[in-house]
2 protein chains.
Amino acid sequence: MGRPTMEDVAALAGVSRALVSIVYRDAPGASDATRARVLAAGAELGYRPDHRARLLGRTRTRLLGVTFDVQASFHGDLVEALYTAAESAGYDLALSAVAPSRSESRAVQSLLDYRCEALILLGPTLKPSALAALAESQPTVVVARKVRAPGVDVVRTDDTTGSRLAVEHLLALGHTKIAHIDGGKTPGSPERRTGYRNTMRAARLTPLIVPGGPTEDEGARAAKTFLDDAPRATAVTVFNDRSAVGFLDIIRQSRRVPDELSVIGYDNTTVAALSHIDLTTIAQDTPRLAAHATTTALARLAGTPTTPDQTIPPTLIPRTTTGPPR
Amino acid sequence: MGRPTMEDVAALAGVSRALVSIVYRDAPGASDATRARVLAAGAELGYRPDHRARLLGRTRTRLLGVTFDVQASFHGDLVEALYTAAESAGYDLALSAVAPSRSESRAVQSLLDYRCEALILLGPTLKPSALAALAESQPTVVVARKVRAPGVDVVRTDDTTGSRLAVEHLLALGHTKIAHIDGGKTPGSPERRTGYRNTMRAARLTPLIVPGGPTEDEGARAAKTFLDDAPRATAVTVFNDRSAVGFLDIIRQSRRVPDELSVIGYDNTTVAALSHIDLTTIAQDTPRLAAHATTTALARLAGTPTTPDQTIPPTLIPRTTTGPPR
DNA sequence: ATGAAAGCGCTAACAT
DNA sequence: ATGTTAGCGCTTTCAT
């Protein structure tokens, strides 16, 4: 009845429970013969250690708590990468979803109840003060959002470099009239705007910034402004993929892409990869973001000093919306 | 040091641990005065019960294990709805993500290690035999996939009805020449095709099925076939939203939507709601799917008989890609 | 290398 | 209504 316990395995293998524990944690202190015998007994019974008991018995839970937005596909990528990063550090992940009907603080609270050793928050919207409060009780690392809060570490993509890569790609193709569709006051927007502007100036070209925003609608609206303000531009860098998709939808009515106009997005979302969109874009390095987040959390736990604001370079994903100017 | 335990709260409130336990589970057996005093003491210390210990102490974990695809936004909706459904039944959720680098069986295994009472698998790809094996040790309910496996309950959307709703919507608008872009051998495709065909026949109209598939590309390709095979059709029901988006991308080059052609998708994905797409579509009822999944799992736990294949009616989401024929 | 025994922080059955 | 006591299934000293 019920699942076999450590006791059952010990009995079958003819050893004490302690030994079974040693074997299953592969800790030192058991002969190879015993190890084999215990494992065989365990396998025969279909034994699997009870994770709850394991957590309770240990001083350290070796659990990393992660909150994520269940709708953001970028968070999906990060979660996947975090599993890998955590595992190689001997940690397990506790997932807690954030959704319209499930607030971030609830999600965090439930992680705390599991006694996670550290918190990794993906794109949190909590106020800096709330984040700082969390950081007082355990290491707290914020991923993909630029915030300054005492004791909180942040790991994010270097958006200034991302914009630079976009512009340099267009320069290399031979473009000189390059406009930027702005992201308004969306997080990341100032950095991306700066990267664009600096790179243009370094190339002794005149920056031209068209107001915009993060949604498809705002991209579509920006397309109309663009046609008025920068009719002679041969290329644009757009704040993000969503906006770029809206922009493309309108712009294609009067321009062939990429023959007459090159367009480059940002984020490398799923929609950018769709074959009928096939948008050149800038990708965030999720494996590195995840690895750094994990490393930072563990460093804090170990009492090692950390870099409170780490920035990871993104990469360019060339697709078919960019090409040489005609 | 460390977080306060039940012992600390008991000491501060001047009662025994058992009373504190009673109060925090709000179980009967404590006077209102005591209850208030304990709660006050707990609040002062910032006490929160240790979830691990709670799990271990209880005979029943009151934990529902959920596997989901971290990339599927539909799964995101379901997870959110499951939180709600589980909570109102006094259960908590344990989430385990499935991703390219994290197999479904791994995800399930980790859930089992937490001693979840039941498993809720979202769109699993495990073989029926594997599912049946799981169902032997605990209630196992499959959501959003039609499978037959002994002991496994499935909860899914009634796709035949979904297609019927789509066709009826078009009939109500006055269309009579309605084609269907097929989904090939994708799960759900036969049901949707049947729903279309039956509804057409019931209206004494001739069904016309154009081969297709679940991706944007296949939708785009189907658009070309459609123009050849059904040039006089005034409306189409497309297998799913992704395919519909590809279809629209091509069809708009020669037809105005909805003036010359009405298009209706299926799934109500995020992309369908995008304002520049604004696709009329069929939505799955995630709250009900979640509620039924939970209810079914709990019924199995209670030993109550269950309906092994439950089907939930979808609803029509009218947007701007459908309108009366000219 | 192996075993005995004391927790981990709760829940739950029982006694008062 | 309140307190006592024995687990839950592990981990972790500490002996042997």
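If you're wondering where the values come from, they're calculated on a predicted model, not measured in any experiment. Only heavy atoms go into these numbers, but all of them, side chains included; no hydrogens, no water, no symmetry mates. In what follows, chains carry the letters A, B, and so on, assigned in the order in which the sequence lines appear, proteins first and then strands, with residues in each chain numbered from 1.
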Scoring nucleotides 9-16 of chain D by protein non-hydrogen atoms under 4.0 Å (B base, S sugar-phosphate only, - none) yields BBBB----
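For B:Asp50 and A:Arg115, the salt-bridge test passes: some basic side-chain N is under 4.0 Å from an acidic carboxylate O. Under the 4.0 Å criterion applied to side-chain N and carboxylate O atoms, B:Glu80 and A:Arg102 are not assigned as salt-bridge partners. Between A:Glu117 and A:Arg60, at least one side-chain N (NZ, or NE/NH1/NH2) sits under 4.0 Å from a carboxylate O, which counts as a salt bridge. A salt bridge links A:Arg106 with B:Glu87: the distance from a Lys NZ or Arg NE/NH1/NH2 to an Asp or Glu carboxylate oxygen falls below 4.0 Å. A salt bridge is absent between B:Lys146 and B:Asp159; no separation between the charged side-chain nitrogens and carboxylate oxygens falls under 4.0 Å.
Atom-to-atom distance recorded for A:Leu131:CG and A:Leu121:CG is 6.5 Å, nearest 0.5 angstrom. With rounding to the nearest 0.5 angstrom, the CG atom of B:Leu63 is 12.5 Å from the CZ atom of B:Arg54. In this structure, CD1 on B:Ile120 lies 13.5 Å from CZ on B:Phe68, to the nearest 0.5 angstrom.
Between chain A and DNA chain C, the heavy-atom contact criterion of under 4.0 Å yields a 5' to 3' nucleotide range of C:dA1 to C:dG9.
For DNA chain C, the residues of residues 32-45 of chain A within the heavy-atom distance limit of 4.0 Å (strictly under) are A:Thr34, sorted by number.
Relative to the axis of its first five pairs, the axis of the last five pairs of the helix from C:dA1-D:dT16 to C:dT16-D:dA1 sits at 30°, rounded to 10 degrees.
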Report task. Go through A:Asp92 and A:Arg62 one step at a time and tell me if the salt bridge (charged side-chain N to carboxylate O under 4.0 Å, His left out) criterion holds. Result -> CA-CA 6 Å; A:Asp92 200 1; A:Arg62 302 196 79 80; over 6 Å; no
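By the side-chain hydrogen bond (donor to acceptor under 3.5 Å, both in side chains) test, A:Thr296 pairs with A:Gln310, sequence neighbours left out.
Among A:Leu112, A:Val142, A:Leu111, the one residue that satisfies the side chain to side chain contact (heavy atoms under 4.5 Å, CB included) test with A:Leu134 is A:Leu112.
With rounding to whole Å, B:Asp26 atom CG is found 16 Å from D:dA1 atom C1'.
Applying the ring-ring contact (aromatic ring centres under 6.0 Å, His included) test to pairs two or more places apart or on separate chains, those with a residue in residues 32-55 of chain B are A:Tyr114-B:His51, B:Tyr24-B:Tyr47.
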